[in-house]
Protein chains: 2
Amino acid sequence: MPKVSEAYKEEKIRNLVQAAKKVFIKKGYVQTSMQDIMDEAGISRGAMYRYFNNLEHVFLEVLREDDQKDVAFFEVSNDEQIWPQIQRWLEMQQQVIENINQSLLQAKAEFFLTSQQHKDDFSYVSQRYDEITEAIEEVLMLGEQKKEFQLQQSPERISRYMISFLNGLMLDTFQLGMKQTKVQEQLSILCFTLEKLLYKE
Amino acid sequence: MPKVSEAYKEEKIRNLVQAAKKVFIKKGYVQTSMQDIMDEAGISRGAMYRYFNNLEHVFLEVLREDDQKDVAFFEVSNDEQIWPQIQRWLEMQQQVIENINQSLLQAKAEFFLTSQQHKDDFSYVSQRYDEITEAIEEVLMLGEQKKEFQLQQSPERISRYMISFLNGLMLDTFQLGMKQTKVQEQLSILCFTLEKLLYKE
DNA sequence: AAATAAACGACACTGTTGTATATTTTAATG
DNA sequence: CATTAAAATATACAACAGTGTCGTTTATTT
C-alpha cells in the first residue's frame with residue numbers, strides 16, 4: 001500500500017473503472033452515486049477520491065474504456081461483396097440491441113441528455129456521430145466504386161438514415177423490450193429499404 | 001359555511017401546470033426541483049404541496065396536459081388520397097423536430113429513462129407506443145383498401161419502422177442540432193423508402 | 001525505525017424534500 | 001358590514017442523501 005509502482009496505480013484505476021462500469025450498466029447515470037461505486041469496488045471514500053475528482057470524471061473514464069473496444073467498428077474486406085458484409089453488420093447490431101440491458105446505453109443517454117454542462121463534452125457525441133457517419137459512408141462509396149451499388153441517394157444521407165433508425169430502435173427497445181419493438185422484423189425492414197436505396201432495379 | 005369556488009382551484013392548478021411545463025421544457029426533468037417550479041409560478045412551498053404531492057406528480061400532470069393537444073394526432077380524410085396526407089403529416093413532423101428545444105422531449109426522455117420506478121408508469125410509454133403504432137397502421141390499411149397502396153411489408157412493421165426512425169431522428173437532433181442531422185434530408189429519405197414500402201412498381 | 005504514500009472514515013456543507021405551524025384571504029352569515 | 005370559520009398561502013423546520021475534504025491510521029520499503 002505504500003510506495004508503489006506505476007503499474008499498480010494503473011491496475012487499481014482499471015479495477016475501479018470496471019466496478020464503476022458495472023454499476024452504471026445496472027443503474028444508469030442519474031441514479032448512481034459515488035457511494036454505489038465505492039461499495040461495488042469495496043473501497044473507501046478517501047481512496048476513491050484519490051483517483052477521481054467526481055462522478056462525471058469516473059463516467060468519462062468508463063466511456064473512454066468502453067469506446068476502445070469498438071474502434072475497429074466496421075472493418076470491410078475488399079475481397080468480398082460489400083452487401084453481405086453490411087448484412088452481417090446488421091446482424092451484429094441485432095445482437096447489440098438484444099443485449100441492450102447489459103450495455104451503457106441508458107447511462108450514456110442519461111448523461112448526455114441531462115446536463116447542459118455536458119454540452120461542453122458535446123464534442124464527444126458530435127464527434128462520435130460524425131465518425132460513425134463517415135465510416136458507413138465510406139463503405140457505401142466503396143460499394144459504388146466496385147459497381148456493386150447504384151446509390152439512389154447520397155451516401156451521407158443514407159448513412160445518417162441508418163444511424164437515426166438504429167438509434168431509435170435501440171432506445172425504443174430499451175424502453176419497451178424486444179417483444180414490443182420486434183427487433184428482428186424491424187431490422188429486416190431496414191434491410192429491405194436499404195436494398196432499395198443501394199440498388200437500381 | 002366553507003369558502004372558495006371549484007373553478008378557482010382548477011384554474012390555479014392549470015396555472016401551476018403551465019409554469020411547471022415551462023420549467024421542464026427549459027431544464028428537463030432531472031435538473032428540475034420543486035423550488036424551480038414554485039419560483040416560476042411565484043408561489044410558496046406550502047401552496048405548491050397543497051396541490052401536488054411531489055415532482056413526479058407534477059410531471060405526470062404536465063404530461064397529461066401535453067398529451068391532450070395531440071389526441072387527434074393523425075386524422076385522415078377519406079375524400080383525399082392517403083399518400084399526400086401522409087406527406088403532409090411528415091412535414092408536420094419536420095416542424096416538430098425543428099422546434100424540439102421548445103418541447104418536452106428532453107424531460108420525457110429523462111423521466112422515462114432515469115428511474116426504475118417509472119417502469120410502473122411504464123404502461124404509459126408502452127400504451128402510447130401502441131396507440132401511435134395502431135393509428136399509423138390503420139392509415140396504411142386504409143390506403144391498401146382503397147387500392148392506393150400495395151404494402152410490401154405488414155402495416156404493423158411499416159408503422160413501427162416509421163416510429164423508430166422518427167424517434168431516432170428526434171433524439172439525434174436534440175443532441176446535435178439540426179445542422180448536423182439535416183432533418184429535412186432525412187425526412188426525404190424516409191419518404192423515399194416509404195414509397196418503396198407502399199407501392200409496387 | 002524513519003520515511004512515505006495509500007487507504008480510511010469522520011466531518012462539515014449543500015441542496016432538496018415533505019411537513020407542521022402560523023398567517024392571511026375568502027365568502028357565507030347574522 | 002362586521003364576524004367567522006374554513007381554505008389558501010407563507011414560513012420555518014427537521015431529515016436526508018450526497019459531496020468533497022482532511023487529519024489519522026496502516027503497511028511497506030529503505
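Keep in mind that what you see is a predicted model, and the values were worked out from it rather than measured. Chain letters run A, B, ... following the sequence lines, proteins first and then strands; every chain starts at 1.
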Just checking, A:K196 and A:F192: is the charged tip under 6.0 Å from the six-membered ring centre and within 45° of the axis?
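Judged by the rule, A:K196 and A:F192 form a cation-pi pair.
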Using a 4.0 Å heavy-atom cut-off, does B:Y51 contact any base of the nucleic acid, only the sugar-phosphate backbone, or nothing at all?
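Sugar-phosphate only.
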So what does B:M48 hit on the nucleic acid, given a heavy-atom distance under 4.0 Å: a base, only sugar-phosphate, or nothing?
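No contact.
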Heavy atoms from C-beta onward define the side chain here; which of [options] lies closest to that of [X]?
X	options	answer
B:A47	D:dT9, D:dT11, D:dT19	D:dT9
B:K12	C:dA7, D:dT9, D:dT19	D:dT9
B:R50	D:dA10, D:dA8, C:dA7	D:dA8

Can you name the closest pair of heavy atoms from B:S126 and A:Q180 and give their distance?
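Smallest heavy-atom distance, with atoms named: OG-OE1, 3.0 Å.
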[X] [atom1] - [N] [atom2] separation (whole Å):
X	N	atom1	atom2	value
B:R45	D:dT11	CZ	P	13 Å
A:E10	C:dA6	CD	C1'	16 Å
B:D36	C:dT17	CG	C1'	13 Å
A:Y49	C:dC11	OH	P	18 Å
B:F52	D:dT9	CZ	C1'	15 Å
A:N54	D:dA17	CG	C1'	17 Å

Any A:S44 side-chain N or O less than 4.0 Å from OP1/OP2 of C:dC8:
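Yes.
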D:dA7, OP1 or OP2 - any side-chain N/O from B:K9 closer than 4.0 Å?
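Checking D:dA7 against B:K9, no side-chain N or O comes under 4.0 Å of OP1 or OP2.
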Are any of the side-chain nitrogens in A:R88 or A:E80 under 4.0 Å away from the carboxylate oxygens of its partner?
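The answer is yes: the pair qualifies as a salt bridge.
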May I ask you to say whether B:K26 pairs ionically with B:D36, meaning some side-chain N is under 4.0 Å from a carboxylate O?
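No, this pair does not count.
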Specify the residue among A:M38 and B:I43 whose closest nucleotide of DNA chain D lies further upstream toward the 5′ end.
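That would be B:I43.
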